[in-house]
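Below you'll find the structure, written out as structure tokens, and then a few comments.
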Protein chains: 2
Amino acid sequence: MEKAEKRGRPKTLEREHVLQTALMQYWGVSPTDVSIGEICKLTGASKPGIYREFGSDDGLKCAALESYRSLALLPLFDILKRDQSFAAAKAALVAFTTQDREALGVPSGCLFVAMRTQRGNLGSATGERVDLLREEVLDAYMVWIETAKSRGECSAQIPNDAAALYFDAQNGGAMRMQKEGVDNATIATVLRYAFKMIE
Amino acid sequence: MEKAEKRGRPKTLEREHVLQTALMQYWGVSPTDVSIGEICKLTGASKPGIYREFGSDDGLKCAALESYRSLALLPLFDILKRDQSFAAAKAALVAFTTQDREALGVPSGCLFVAMRTQRGNLGSATGERVDLLREEVLDAYMVWIETAKSRGECSAQIPNDAAALYFDAQNGGAMRMQKEGVDNATIATVLRYAFKMIE
DNA sequence: TATCTTACGTACCCATAGTTACGAAATAAA
DNA sequence: TTTATTTCGTAACTATGGGTACGTAAGATA
């Protein structure tokens, strides 16, 4: 598994460490308020080192977003795609969204939501990735609702695309509340009421 | 009405013009992505002139927020306090939120919502004003719901504080959708479904 | 040992943004 | 006309942040 010894000076930059640090900072602080210099201080990496590894600020953010997708978005997709009742999925969504972040050692709020509101301040690579992810999320919601309707578990008249926007908006609202310091129990209450609507 | 002639060089800085320009920029672009220098270019005012008039970046933002309150938040409070049925008020909220901004010559989205998400990047004066306004908004929703319940127009079991957060979240979501380019008709659909929940 | 290759990191460049020092200009009062 | 007063705006200062030039270190190969 070890890569054969290559020529030249061996690389010492810890890619994963830098990436995880960047992710946590972007997530916990804000994707547009954490400088490369800050990441350097926190990881001990040098600026040129980070640029060699990620190409640019945009590249680092993009890589962090990709990590975030694996970490926080895939579980969401999993809930929506899992073979379970509409009601069970909604409950799982509430539970997932209002997890105790502190206990999990993970920041509150949602990096993806933050990047969407900061869309205009992101580099092209990250920005376009955000757009794609948005599509992916809305699509996942839509397929989920479609399935629920076809199974007769959801008889709401709302069009599927509007319903997808609706669920996405609820999630966004929950993340914003979390950032504003509303406690998770209250957020869960709000979400349950919001999700009760469509059934 | 004209102020008596005062000593010293007469003031030439057009306060209202600067304030309105700043408001529209903060609103249309983002409160944290418009520099004083930009406002200067747009209004012809000089930097020291603006500092003399508003004290600081924080002061200008705070003044702009105050203007925004009069322009966009008071009408909201008016809807909530007006003597009308719960259903009528909800309809009015939807209509107000999804007005054709272009036709009104006003940016899409909501400066107050934007400032809330940017809370950490605001100066102390603006930041604290934002906090106060948030209280004011949540309070207005709460009184409104309380009244509706006491009138028997709303029988939802949701606690009043959670309901206030709920409506606030819906509004925030709508503003975000508007910024992301979702058309007002779709937003109205989503909002109507969201508001249908509590009745 | 000499050379080629690759990565390292200090120190810098440049642009932007908030802020202000300060001399000039304009007006009323003396 | 001189003086006191008030505002004006150019040109700076300082800090920050994205990005990089370049000489050096560390290993493989010859």
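Please read these numbers as outputs of a predicted model, since none were measured by experiment. Just so we're on the same page: letters track the sequence lines, and every chain starts at 1.
- Taking atom CG on Leu60(A) and atom P on dG19(D), their separation rounds to 10 Å, with Å as the unit.
- Of the candidates dA21(C), dG9(C), dG18(D), dG9(C) carries the atom nearest the Pro48(A) side chain, counting heavy atoms from C-beta on.
- Formation of a donor-acceptor pair under 3.5 Å by the Glu153(B) side chain with backbone atoms of Phe86(B) is found in this model.
- Between Thr12(A) and dC8(C), a side-chain N or O to OP1/OP2 separation shorter than 4.0 Å is present.
- Taking hydrophobic clusters as Ile, Leu, Val, Met, Phe, Trp and Tyr residues chained together by side-chain heavy-atom distances below 4.5 Å, Leu122(A) shares a cluster with Val29(B).
- Ile36(A) places its CD1 atom 20 Å from the P atom of dC14(C), with the value rounded to the nearest Å.
- When heavy atoms are screened at a 4.0 angstrom cut-off, Pro10(B) is found touching the sugar-phosphate backbone but no base atom.
- Between Tyr51(B) atom OH and dA21(C) atom P there is a gap of 13 Å when expressed in whole angstrom units.
- Remark: the backbone N or O of Gly28(A) is paired with a side-chain donor or acceptor of Lys179(A) at under 3.5 angstrom.
- For the pair Lys47(A) NZ and dA7(C) C1', the computed distance is 19 Å after rounding to whole Å.
- Rounding to whole angstrom units, CG of residue Leu42(B) and P of dA17(C) are separated by 12 Å.
- Residue Arg7(A) places its side chain closer to dC4(C) than to any other of dC8(D), dC4(C), dA29(C).
- Nearest-nucleotide positions on DNA chain C place Gly49(A) closer to the 5' end than the other of Glu38(B) and Gly49(A).
- The side chain of Arg9(B) places no N or O atom within less than 4.0 Å of a non-bridging phosphate oxygen (OP1 or OP2) of dT5(D).
- Heavy-atom neighbours of Glu14(B) CD from other residues, nucleotides or ligands within 6.0 Å: at or below the threshold of 12.
- Going from atom CG of Asp58(B) over to atom C1' of dA17(C) covers 15 Å, rounded to whole Å.
- The aromatic rings of Trp144(B) and Phe167(B) sit perpendicular, their planes meeting at an angle over 60°, well past the 30° parallel limit.
- Atom pair Glu53(B):CD and dG9(D):C1' shows a separation of 15 Å (rounding to whole Å applied).
- Atoms CG (Asp33(A)) and C1' (dT16(D)) sit 12 Å apart, rounded to a whole Å.
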